[in-house]
Amino acid sequence: MKYTVKLFATLRENRGKILEMEKSGKTSIREITEELGIKADDVAILLLNGRDAKLDDYPSDGDTISIFPPVGGG
Amino acid sequence: MNGYNGTVLRVNLTDGKITREALNQDEARKFIGGRGLATKMLMDEIDPKIDALSPENKLIFVTGPLTGTPTPTGGRYMVVTKAPLTGTVASSNSGGYWGAELKFAGYDAVIFEGKSEKPVYLNIVDDQVELKDAQPLWGKLVSEATAQLEEEHGKKAKVAVIGPAGERLSKIAAIMNDRGRAAGRSGVGAVMGSKNLKAIVVKGSNKVSIADEAKLKEVFARCMTKIKENGVTGQGLPAYGTAVLVNIINENGVFPTNNFQESVFGEAEEISGETLAEKYLKKKDPCYRCPIGCGRYCEVDDIKGQGPEYETIWAYGSDCGVSNLGDIIKANYWCNEYGLDTISAGATIAAAMELYQKGLIKEEEITGAPSLEWGNSQAIIDWTKMMGAVEGYGAKMAEGSYRLCESYGVPELSMSVKKQELPAYDPRGIQGQGIQYATSNRGGCHVRGYMISPEILGLPEKLDRFTLDGKAEWSKIFQDFTAAIDSSGLCLFTSFAMGADDYADMVNAVCGSDYTGTDFIEAGERIWNLEKVFNLEAGIDPSQDTLPKRLLEDPIEEGPSKGWVTKLSELLPQYYSVRGWDEQGIPTDEKLKGLGLK
Ligand code: SF4
């Protein structure tokens, strides 16, 4: 299964902005963030195709996951 | 008095008389200060029905009890007056250093009344207060006028000034202080211009007296820890400023594009906070005693200056289809120089672009001026200057988007509430923000109740942005809490980290008062209701508690919020009921009595 992982703000450091990932089986977002070395505490906003998601959600093939660290207001 | 100086300065511009009055302590207790107290003063002194640009209107510069004290972000002031843009009460908040300096000079507020025959400015040095000739300054841009006044009165002098936009009565003119900080919204700059008042220069040498230094130290330490440890105030805002929201809001599919015709901007990354930090950021530019420091200072080509903020990047960026961040920084710069509100200015250009797209603005009307094609980044700079100078077709746009669209018979194309341009969040995909926009006491605004915090950022807890459940209640709490914070003299951004008890404790340590957290929020509710009463008396009836037709009827076409409209007809009755108002949206006598307003 293929996922697009979009990282923002400080999470981009040493990781990049947009990562295309491929997994053979069912994978939770938590497993993906762990693989990227992103601590659960650093995940402040998590979106799956632009909708609120949880670390224990399982994305489907072609999904986009957007991850933000604690950020600001306007 | 502790916290407050106990003195209000009154300047009659018609006869040049300057007097000092004692601050009404009972009312200060009831309305905290700042936004609340000045709204009460305004209500007592003017008929809300008057023309905002007539000499009968009053212009109040007001601080809070925490302004100028050693508290985190304790440097805010507000401008309260009747707004020319909306006809509602205006209360525009600003940071920088000017507000604290007014406190050091010994005043809590300055009330301007009447109208000067010739351009003047007010110079305050502690007890010495005089009106001076401003004819040599008239017509000058903000930085020029500021530099000239600093040269005359010394670098320590803090300057609040209007640019050409305010002088020429643009309904979207701001009052600028410390060069790049703005009491931006609702056209407060035009009220200052209508009085022939160019600037207020202030220098003070006193300290604000503190009731309980030891207690303040303790509360200060507690709040500083919270601010530092909070992800938003400790990391996000310091690192990226408010612009970090560009990607967040866009990823949620609520980033208004091309005058709210779309809600996802394909080139968001190019105008994002991340790109700003990488390419243009020179340094941070915090306000007085601010440990957060969201303010930016950027440079592009020969332009350098404060900003841009998220809202500005949006208004000039995706709302106009523009993806050239360098040009957005330049447009922001000229907005500050001419003294225009960046949200209203950018959003008015966006509205003009839609009028042009629809063939309503004819080529011949704008011959010689830049094209109004979506995405034309030179246009946002040139039109800003023309609006700021209130010249040519720019004069028509300087009236704001509502009056512009109305002149073509299509007011519904103005993305505004109560004639004030909406900010950078599409409420169709954020239901609580929708009710908040519709009911805001100063029209289209995000800082009257920032529902983005729970609905998008998850603070203090994450709410589903599409559900209606509980949104009326949350909106009320956010509105009341915000009104109280604005009245205290602290920056609203502290509320990402601090709770009502923290503010109450801080005000108590400074003033020797005995607010509980509940009292603090109740004072906010009192202020909210007072503002509502002002608006009703001004003739702004509840039929104006609504949103542009597009947001109520046309579902978002693409992206993560696809298919949604704002469900205002369901939310509004809930909101009125939570507020304890009648079904028509009018505060009941019982409610007003309960809040001590009758
Ligand atoms: S958080 Fe930003 S706006 Fe608020 S006081 Fe600090 S620098 Fe100024």
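Naming: A, B, ... by sequence-line order, numbering from 1 per chain. Please read these numbers as outputs of a predicted model, since none were measured by experiment.
Note on B:Glu274 versus A:Lys17: no salt bridge recorded, every NZ/NE/NH1/NH2 to OD/OE distance being 4.0 Å or above.
Both the backbone and the side chain of A:Phe8 come within contact range of chain B, each with at least one heavy atom under 4.5 Å from a heavy atom of that chain. Proximity to chain A involves both the backbone and the side chain of B:Ile248, based on heavy atoms less than 4.5 angstrom apart. Heavy atoms of A:Asn49 lying under 4.5 Å from chain B belong exclusively to its backbone. Residue contact with chain A, scored on non-hydrogen atoms closer than 4.5 Å, involves the backbone of B:Leu463 exclusively.
Nearest heavy-atom pair, B:Val232 versus A:Val71, reported as atom, atom and distance to 0.1 Å: CG2-O, 2.6 Å. Minimum heavy-atom separation, A:Pro70 to B:Gly231: CB-CA, 3.3 Å. Here the closest heavy-atom approach between residue B:Glu251 and residue A:Ser66 is recorded as OE1-OG, 2.6 Å. Taking both residues in full, the closest heavy atoms of B:Asp464 and A:Asp52 are given as CA-OD2, 4.4 Å, listed atom of the first, atom of the second, then distance. Closest approach of B:Val244 and A:Ala9 over heavy atoms only: CG2-CB, 4.2 Å.
Atom CD of B:Glu557 is surrounded by 12 or fewer heavy atoms from other residues, nucleotides or ligands within 6.0 Å. For NZ of B:Lys462, the number of neighbouring non-hydrogen atoms (other residues, nucleotides, ligands) closer than 6.0 Å is greater than 12. For A:Asp56, the CG atom is densely surrounded, since the number of other residues' heavy atoms within 6.0 Å is greater than 12.
Most heavy-atom pairs under 4.5 Å with chain A, from the set B:Pro560, B:Gly236, B:Gly273: that is B:Pro560.
Using a 4.5 Å heavy-atom threshold, the side chains of B:Gln235 and A:Thr10 count as separate.
With values rounded to the nearest 0.5 angstrom, B:Asn247 atom CG is found 11.5 Å from A:Leu7 atom CG.
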